[in-house]
Every structure is written in C-alpha cells, then in structure tokens.
J.: 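Structure below; questions to follow.
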Amino acid sequence: MTGPVNVRDVGGLPLVGGGVTRRGVLLRGDALYDGDEPPAHVTWPPATVIDLRSAKERDRSPYTWPEGVAIVSRELFDAADLGRMPREGALMSVYRELVANAGPGIAGLLDVMGDGPTYLHCAAGKDRTGASVAALLLLAGVPEEAVVADYQRTESAMGGVLARLVERGAIDVDGWQPEWAEAPYEAVGLVIEAVTGHPDGPRGWFLENGATDAAIDRFLGRFI
C-alpha cells in the first residue's frame with residue numbers, strides 16, 4: 001500500500017507582526033489514488049477537499065473519499081496538468097499564464113472552504129496548488145520568505161510524486177522535462193509580485209479577482 005507523498009498542513013507559519021497560522025485549517029498536497037493509505041501526520045480525513053485538476057485528470061486518477069467528506073472540483077488551469085506540460089513550453093511560461101488567468105479561480109477558493117480542515121490539491125501539489133496556497137498565505141499575512149520556503153518544500157517530494165504519476169500513466173516519461181520537477185523562486189515570485197503588488201495589497205488583489213470582504217474575513221478569522 002502507498003499514499004500521497006507531498007501532504008502537509010500549512011499551519012504554524014509565522015505572521016507579519018507576530019503569531020502563526022492555525023493548524024488544522026488548510027492542508028495542501030498531491031492527489032490520492034484508489035488503494036492509497038491516508039497520510040498519518042496531518043488531521044485526516046479533511047472535512048472538505050478542493051480538487052484543482054481537470055476532469056480528464058480526475059478520471060484517469062480516481063480516488064474514493066470517505067463518506068461525509070465534501071468534494072469540490074474547481075479546475076484551475078489546465079495547462080499546468082503534468083501530463084501536458086512537456087508540450088506546453090517552459091515552466092516560467094506556464095506560471096506567467098497562470099498568474100495572468102487564474103486569479104478569479106484562486107479568489108473563488110475562499111467561497112468553497114469548509115468549516116473543518118480543507119485539503120487543497122492538484123496532481124503534484126506544486127504548481128496549481130503552490131500558486132493558490134502562496135496567494136492564501138500572503139492574504140493571511142505570512143511573510144514572503146516563509147511563503148517561498150513553503151512552496152519550495154515540494155521540490156524534495158517530486159521524485160515520489162512523479163513515480164506515482166508514471167505508475168498511473170498520467171505522464172509521458174519519454175517527453176518529460178526535468179524542469180517540471182523544480183520549484184524555483186522565480187516561479188512563485190511571479191505569484192508574490194502579482195498579489196503583493198496590487199495597490200491595496202493582497203486583500204485588494206483578492207477583491208479585484210472576485211472575492212468578497214465576508215469571504216476574506218471568514219478565512220482570516222479561522223486561519224490566523
């Protein structure tokens with residue numbers, strides 16, 4: 001039996017001005033597959049699962065969640081599908097497109113987070129999940145260096161992630177490019193620049209992309 005290899009709770013991160021993010025609110029990671037054992041080091045099962053993958057990805061990598069878990073499918077950015085990436089160009093090109101087009105999708109995540117632990121994931125938990133979590137952490141007031149460090153933690157898990165994707169036939173090994181396993185500062189830096197560069201800061205970026213003050217305050221009230 002195997003299980004996901006890139007799951008973590010983003011609670012316990014420092015906040016500008018003091019304090020830390022609350023544990024048991026936001027979990028991030030890679031996809032689970034039927035037959036997997038659940039992760040043992042985080043609150044599990046989550047109350048809500050937000051799946052950022054495309055319908056095609058979900059169909060080729062199914063997982064049956066326990067009864068009572070709310071499943072929300074929110075396709076975020078199909079070009080970040082690891083099965084397509086070798087045909088999509090450089091990693092930075094994908095991130096530039098993601099930052100330009102995925103803002104409303106990221107802001108909309110605030111509307112579907114449950115009252116209990118929320119597990120946010122894509123296939124690897126690196127790009128779509130990484131960009132989304134980075135934006136949410138910036139909204140909460142996590143300093144940029146801690147956001148970068150959390151994003152880059154995924155790189156050490158990518159060997160296991162890729163092995164699981166190959167086993168499932170989700171990626172073409174012959175067309176794979178090594179850069180897709182990397183989590184460079186330059187990539188997450190595009191997200192940080194967009195979110196923090198808004199004239200009204202991260203909150204202004206979320207509002208401009210469709211979030212409401214009520215949704216933002218609800219998230220902040222639970223997470224910090």
Side-chain angles (χ1 to χ4, degrees), residues 8-29 48-52 72-80 91-122 125-154 183-224:
R8 60 184 177 272
D9 190 326
V10 293
L13 296 180
L15 296 169
V16 174
V20 296
T21 55
R22 183 174 287 122
R23 295 187 184 278
V25 174
L26 180 60
L27 315 177
R28 60 171 293 173
T48 303
V49 174
I50 304 177
D51 189 339
L52 303 178
V72 181
S73 296
R74 284 291 177 97
E75 182 175 329
L76 184 64
F77 187 65
D78 193 39
L91 179 67
M92 293 302 293
S93 295
V94 169
Y95 268 80
R96 280 190 287 270
E97 289 186 38
L98 191 154
V99 169
N101 297 301
I106 293 174
L109 298 176
L110 296 175
D111 294 326
V112 292
M113 290 184 177
D115 293 329
T118 295
Y119 184 54
L120 181 63
H121 79 91
C122 51
K126 180 172 78 74
D127 301 312
R128 290 165 288 189
T129 301
S132 299
V133 170
L136 291 168
L137 294 179
L138 293 167
L139 176 64
V142 175
E144 293 180 18
E145 59 270 21
V147 173
V148 173
D150 175 71
Y151 170 78
Q152 293 183 325
R153 281 184 62 185
T154 288
Y185 167 80
E186 291 77 12
V188 72
L190 292 175
V191 181
I192 293 173
E193 181 181 0
V195 175
T196 63
H198 191 279
D200 295 319
R203 188 183 188 100
W205 183 87
F206 271 83
L207 290 171
E208 183 175 298
N209 280 285
T212 64
D213 281 310
I216 292 173
D217 290 340
R218 177 177 177 273
F219 169 68
L220 297 179
R222 296 188 62 236
F223 192 46
I224 64 174

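Both backbone and side-chain heavy atoms feed into the values below; hydrogens, waters and symmetry mates do not.
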J.: Look at R218 together with D115 and state whether they make a salt bridge at an N to O cut-off of under 4.0 Å.
T.: yes

J.: With the side chain counted from C-beta on, respond yes when L190 and M92 share a heavy-atom pair under 4.5 Å apart, and no when they do not.
T.: yes

J.: What's the shortest heavy-atom distance between Y151 and P184, and which atoms?
T.: CE2-O, 3.4 Å

J.: Show the nearest heavy-atom pair for residues G29 and T129, with the distance to one decimal.
T.: O-OG1, 4.0 Å

J.: Determine yes or no for a side-chain-to-main-chain donor-acceptor pair under 3.5 angstrom, with R222 supplying the side chain and G114 the backbone.
T.: yes

J.: If I compare all heavy atoms of Y95 with all of K126, which pair ends up nearest, and what's the gap?
T.: OH-O, 3.6 Å

J.: Kindly indicate whether the side chain of F223, heavy atoms from C-beta on, has any atom under 4.5 Å from the side chain of V10.
T.: yes

J.: Using side-chain heavy atoms (C-beta onward) and a distance below 4.5 Å, is L15 in contact with V142?
T.: yes

J.: Is there a side-chain contact between F206 and D200 (heavy atoms, below 4.5 Å)?
T.: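 The answer is no, as the side chains (C-beta and beyond) never meet within the 4.5 Å cut-off.
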
J.: Minimum heavy-atom separation for N101 to P104, with atom names?
T.: O-CD, 3.8 Å

J.: Determine whether V99 and E193 make a side-chain contact, defined as any pair of heavy atoms from C-beta on separated by less than 4.5 Å.
T.: no

J.: Can you tell me how far CZ of R96 sits from CD of E186, rounded to the nearest 0.5 angstrom?
T.: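 These two atoms lie 11.0 Å from each other.
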
J.: Charged N to carboxylate O under 4.0 angstrom, D213 versus R203?
T.: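 So D213 pairs with R203 through a salt bridge.
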
J.: Please step through side chain to side chain contact (heavy atoms under 4.5 Å, CB included) for the pair M113 and L26, ending with a clear verdict.
T.: CA-CA 9 Å; M113 290 184 177; L26 180 60; 4.2 Å; yes

J.: Verify side chain to side chain contact (heavy atoms under 4.5 Å, CB included) between T196 and L138, making sure each step is shown before the conclusion.
T.: CA-CA 8 Å; T196 63; L138 293 167; 4.0 Å; yes

J.: Please name the pair of heavy atoms, one in C122 and one in L52, separated by the smallest distance, quoted to 0.1 Å.
T.: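 Smallest interatomic distance, heavy atoms only, reads CB-CB, 4.2 Å.
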
J.: Are L27 and R8 close enough that some pair of their side-chain heavy atoms sits under 4.5 Å apart?
T.: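 No, their side chains stay 4.5 Å or more apart.
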
J.: Would you mind reporting whether T118 and I50 have side-chain heavy atoms less than 4.5 Å apart?
T.: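 A side-chain contact exists here, since the closest heavy-atom pair is under 4.5 Å.
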
J.: About how many Å separate CG of D51 and CG of L120, when rounded to the nearest 0.5 Å?
T.: 9.5 Å

J.: Tell me, do V94 and D127 make a side-chain contact under 4.5 Å, heavy atoms counted?
T.: no

J.: Name the residue from I106, L110, I224 that meets the side chain to side chain contact (heavy atoms under 4.5 Å, CB included) definition with L139.
T.: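 Option passing the side chain to side chain contact (heavy atoms under 4.5 Å, CB included) with L139: L110.
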
J.: Can you check whether G12's main-chain N or O pairs, donor with acceptor, with R23's side chain at less than 3.5 Å?
T.: no

J.: Measuring from L137:CG to S132:OG, what's the distance to the nearest 0.5 Å?
T.: 10.5 Å

J.: For the residue pair V191 and A135, what are the closest heavy atoms and their distance?
T.: CG1-N, 4.4 Å

